[in-house]
Amino acid sequence: QVQLVESGGGLVQAGGSLRLSCAASGRTFSWNAMGWFRQTPGKEREFVAGINWSGSDTYYTDSVKGRFTISRDSAKNTVHLQMNNLKPEDTAVYYCAIGPVGGVPVGTRDYHFWGQGTQVTVSS
């Protein structure tokens, strides 16, 4: 059974940093894209960052470029999201997800397995 478990969320002041981690179990995803999404109440889940199987290609939504960094350790089946210079508008539940083999899609429907989410709250 595939399971994704996120950790690292919490409450931080604006300008602060958090590092989210996601550990996958149940099978190996060395060839799959991995991504981070976020969702706030009443809004659709949105793409934040994605990384290809080797870690050589990364993609970010415009609002987090230059502040967030996605990375992965395929040997450990983990993906991380380093979030710096956090802003109140970054407040959301953050989810990690496993994507397809080949490419890094930005749509939620292209991701097959999801974690339970971790809350990130940025105070002003």
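- Nearest heavy atoms, K43 versus Q39: O-NE2, 3.1 Å.
- Expressed to the nearest 0.5 Å, how far CZ of F68 lies from CG of L20 amounts to 8.0 Å.
- Within the structure, the disulfide bond (SG atoms under 2.5 Å apart) test picks out the following pairs touching residues 17-105 (sequence neighbours left out): C22-C96.
- Between the side chain of N52 and the backbone N or O of D57 there is at least one donor-acceptor pair closer than 3.5 Å.
- Counting all heavy atoms, side chain and backbone alike, F29 lies closest to R72 at O-NH2, 3.0 Å.
- The nearest pair of heavy atoms linking T91 to Q119 is CG2-NE2, 4.0 Å.
- V12 and M83 fall within the same hydrophobic cluster, defined by Ile, Leu, Val, Met, Phe, Trp and Tyr side-chain heavy atoms under 4.5 Å apart, directly or through other members.
- Each disulfide bond (SG atoms under 2.5 Å apart) pair with one or both residues in residues 33-67, not counting sequence neighbours, would appear here, but there are none.
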Stepwise side chain to side chain contact (heavy atoms under 4.5 Å, CB included) check, T108 with E44:
CA-CA 10 Å; T108 56; E44 292 188 355; over 6 Å; no
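- Summarising the geometry, atom CZ belonging to R38 is positioned 7.0 Å from atom OG1 belonging to T61; distances are rounded to the nearest 0.5 Å.
- For the atom pair OG1 (T78) and CG (D73), the distance works out to 4.5 Å, reported to the nearest 0.5 Å.
- Here the NZ-OG distance, from K87 to S124, works out to 14.0 Å after rounding to the nearest 0.5 Å.
- Evaluation of the ring pair (Phe, Tyr, Trp, His ring centres under 6.0 Å) rule for F37 yields F47, Y111, W114 as partners, not counting sequence neighbours.
- V79 and L81 end up in the same hydrophobic cluster when Ile, Leu, Val, Met, Phe, Trp and Tyr side chains are linked at under 4.5 Å.
- Looking only at distances, a side-chain donor or acceptor of Y60 sits under 3.5 Å from a matching main-chain atom of I70.
- Rounded to the nearest 0.5 angstrom, E46 CD and W36 CH2 are separated by 14.5 Å.
- Between R27 atom CZ and N77 atom CG the span is 9.5 Å, to the nearest 0.5 Å.
- Put simply, the side chain of N84 never gets that close to the backbone of S17: no donor and acceptor are under 3.5 Å apart.
- Tested against S21 for a side-chain hydrogen bond (donor to acceptor under 3.5 Å, both in side chains), the candidates K76, E6, H80 yield a single pass: H80.
- Note: the hydrophobic cluster containing I98 does not contain W53 (ILVMFWY, side chain heavy atoms under 4.5 Å, direct or indirect links).
- Contact detail for G55 and T58: the closest heavy-atom pair is O-CG2, 4.4 Å.
- Connection of V64 to V104 is not established within any shared hydrophobic cluster, with ILVMFWY side chains joined at heavy-atom distances below 4.5 Å, either directly or through further cluster members.
- Put simply, Y94 and F113 are part of the same group of oily side chains (I, L, V, M, F, W, Y) that touch within less than 4.5 Å, one to the next.
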If you apply the rule side chain to side chain contact (heavy atoms under 4.5 Å, CB included), what do you find for E89 with V122, and how did you get there?
CA-CA 8 Å; E89 51 264 41; V122 184; over 6 Å; no
